Asks: 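Got a structure for you, written out below as structure tokens; questions coming shortly.
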Amino acid sequence: MLAAAAFSGVSSAVLAADGGRIVPDAAARTWALENRPSLLVALLRAVTATGTGVTPYLVAACAGLLAAPALPVLRDRPPVIRFALSALAFPAWLVLGQALRFVLMTTIARPRPPAEDWLTHASRWSFPSGHTTTSAMTAGLLVLALLARRPPAYRPWVWLTVVWAGLVGTSRVWLGVHWATDVIAGWLLAATWTMLAVTIVEGPPPERRNSGRRGEVHCG
């Protein structure tokens with residue numbers, strides 16, 4: 001998968017630099033520090049706050065409710081069970097993604113940018129960006145739900161969702177709490193996690209399922 005390969009490449013570059021900044025980080029940090037008008041900073045703080053806490057999980061639950069009628073794995077369930085399971089499964093997938101991110105974060109243990117650059121609160125290690133990964137994983141779930149159901153005017157909602165995730169990630173660099181490659185890695189990890197969800201829900205390709213059926217041994 002392209003996103004997974006790209007994430008591995010960025011991670012390798014960060015590890016090779018021993019957690020220090022690499023070329024994209026220096027340029028992005030310099031530009032962000034030189035362009036911080038007060039109104040923009042206030043807006044970025046508001047945007048970045050949506051990338052953590054309860055908001056992503058509520059959005060994921062709503063995405064589950066939206067997608068429930070279109071999920072083949074739940075098609076034979078009673079409607080109440082179908083919606084309940086889907087509304088729980090989507091946030092649960094986000095929790096699992098967060099667990100993976102936490103393992104990667106503590107394993108790579110990359111220091112954050114200098115604290116004097118920070119314009120918002122931050123904690124723990126830097127790579128990959130938690131706010132970025134969380135918002136992008138959430139956006140991935142919502143986009144999948146929108147594409148599965150295709151409600152009226154779903155295309156603008158898809159674009160708004162993608163833009164939201166992009167702004168949350170960008171805000172982390174602008175507010176000085178992450179390197180640019182932390183954010184890029186968060187987007188790539190989220191893309192990988194989203195495509196894994198698609199693979200699990202869709203199951204094996206039809207030809208593989210058919211070949212499996214042909215190979216079954218029937219008794220009686």
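In this text, all values refer to a predicted model and were calculated from it rather than measured experimentally.
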Asks: In residues 85-105, what donor-acceptor pairs under 3.5 Å come from side-chain atoms, sequence neighbours left out?
Replies:
unit_1, atom_1, unit_2, atom_2, d
S86, OG, G64, O, 2.5
W93, NE1, W193, O, 3.4
Q98, OE1, R101, NE, 3.1
Q98, OE1, T134, OG1, 3.1
Q98, NE2, T134, OG1, 2.6

Asks: Main chain of T107, side chain of W125: is a donor-acceptor contact present, judged purely on distance under 3.5 Å?
Replies: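 Not a single qualifying donor-acceptor pair exists.
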Asks: Taking V47 as the starting point, is it possible to reach V163 by hopping between hydrophobic residues whose side chains are less than 4.5 Å apart?
Replies: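 Yes; tracing contacts between hydrophobic side chains, which count when under 4.5 Å, links both residues.
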Asks: Could you tell me the separation between the CG atom of D117 and the CG atom of L175, rounded to the nearest 0.5 Å?
Replies: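 It is 11.0 Å, given to the nearest 0.5 Å.
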Asks: Give the cluster check for Y57 versus L141: same hydrophobic cluster or not, with ILVMFWY residues linked at side-chain heavy-atom distances below 4.5 Å.
Replies: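 Yes, because Y57 and L141 connect within a single hydrophobic cluster, where side-chain heavy atoms sit under 4.5 Å apart.
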Asks: Is a donor on one side and an acceptor on the other found under 3.5 Å between the side chain of W179 and the backbone of A28?
Replies: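 Between the backbone of A28 and the side chain of W179 there is no qualifying donor-acceptor contact (under 3.5 Å).
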Asks: Using a strict threshold of under 4.0 Å (side-chain N to carboxylate O), is an ion pair present between D182 and R172?
Replies: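 The answer is no: the pair does not qualify as a salt bridge.
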Asks: For T48 versus T120, what's the shortest heavy-atom pair and its separation?
Replies: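 Nearest pair, atom of T48 first, then T120: CG2-OG1, 4.5 Å.
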Asks: State the OG1-CE distance between T192 and M137, to the nearest 0.5 angstrom.
Replies: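 So the OG1 of T192 and the CE of M137 are separated by 8.5 Å.
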Asks: Just by distance, do the side chain of R112 and the backbone of S126 share a donor-acceptor pair under 3.5 Å?
Replies: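 The answer is no, because no donor-acceptor pair under 3.5 Å joins these two groups.
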Asks: At their closest point, which heavy atom of A3 faces which heavy atom of A191, and how far apart are they?
Replies: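 Taking A3 first and A191 second, the nearest heavy atoms are CB-CB, 3.8 Å.
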Asks: Give me the atom names and distance for the closest heavy-atom approach of A190 to T133.
Replies: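 Shortest heavy-atom separation between A190 and T133 comes out as CB-O, 4.0 Å.
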Asks: Could you walk me through whether R110 and T181 satisfy the side-chain contact (heavy atoms from CB on, under 4.5 Å) test, starting with their C-alpha distance in whole Å, then the side-chain angles of each, then the deciding distance to 0.1 Å, before giving a yes or no?
Replies: CA-CA 11 Å; R110 187 188 200 186; T181 43; 2.8 Å; yes
Asks: Give a yes or no on whether R77 atom CZ has more than 12 heavy-atom contacts from other residues, nucleotides or ligands under 6.0 Å away.
Replies: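 Count not over threshold, so no.
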Asks: How many angstroms lie between atom CZ of R29 and atom NE2 of H178, to the nearest 0.5 angstrom?
Replies: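 Going from CZ on R29 over to NE2 on H178, the span is 14.5 Å.
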Asks: Clusters formed by hydrophobic residues whose side-chain heavy atoms approach within less than 4.5 Å: which one holds L147, and what are its other members?
Replies: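 Besides L147, the hydrophobic cluster comprises V59, L66, L142, V143, L146, Y154, W157, V158, L160, V162, listed by chain and residue number.
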Asks: Check whether more than 12 heavy atoms from other residues, nucleotides or ligands sit under 6.0 Å from atom CH2 of W118, and answer yes or no.
Replies: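 Atom CH2 in W118 is packed in, count exceeds 12.
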Asks: Does R36 reach the main-chain N or O of W174 with its side chain, forming a donor-acceptor pair under 3.5 Å?
Replies: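 Yes, the answer is positive, given that a donor and an acceptor are paired below the 3.5 Å cut-off.
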Asks: Which distance, rounded to the nearest 0.5 Å, do you find between the CZ of F7 and the OG of S12?
Replies: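 Rounded to the nearest 0.5 Å, the CZ-OG separation comes to 9.5 Å.
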Asks: Rounded to the nearest 0.5 Å, how far does CG of L15 lie from OG of S8?
Replies: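 These two atoms lie 10.5 Å from each other.
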Asks: Search all heavy atoms of A145 against all heavy atoms of A67 and return the closest pair with its distance.
Replies: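 That closest heavy-atom pairing would be CB-CB, 3.7 Å.
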Asks: Take T138 and W164 through the side-chain contact (heavy atoms from CB on, under 4.5 Å) test and state the conclusion after the steps.
Replies: CA-CA 10 Å; T138 304; W164 165 67; 4.2 Å; yes
Asks: Same cluster or not: are L189 and V14 linked, directly or through other Ile, Leu, Val, Met, Phe, Trp or Tyr residues, by side-chain heavy atoms under 4.5 angstrom apart?
Replies: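 Yes; tracing contacts between hydrophobic side chains, which count when under 4.5 Å, links both residues.
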Asks: May I have the step-by-step check of side-chain contact (heavy atoms from CB on, under 4.5 Å) for F127 and S11, ending in yes or no?
Replies: CA-CA 9 Å; F127 184 96; S11 300; 3.5 Å; yes
Asks: Could you grab the distance from atom CG of L43 to atom OG of S171, nearest 0.5 Å is fine?
Replies: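 It is 11.0 Å, given to the nearest 0.5 Å.
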Asks: Please give me the minimum heavy-atom distance between A180 and V173, naming the atom from each residue.
Replies: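 Result for this residue pair: CA-CG2, 3.8 Å.
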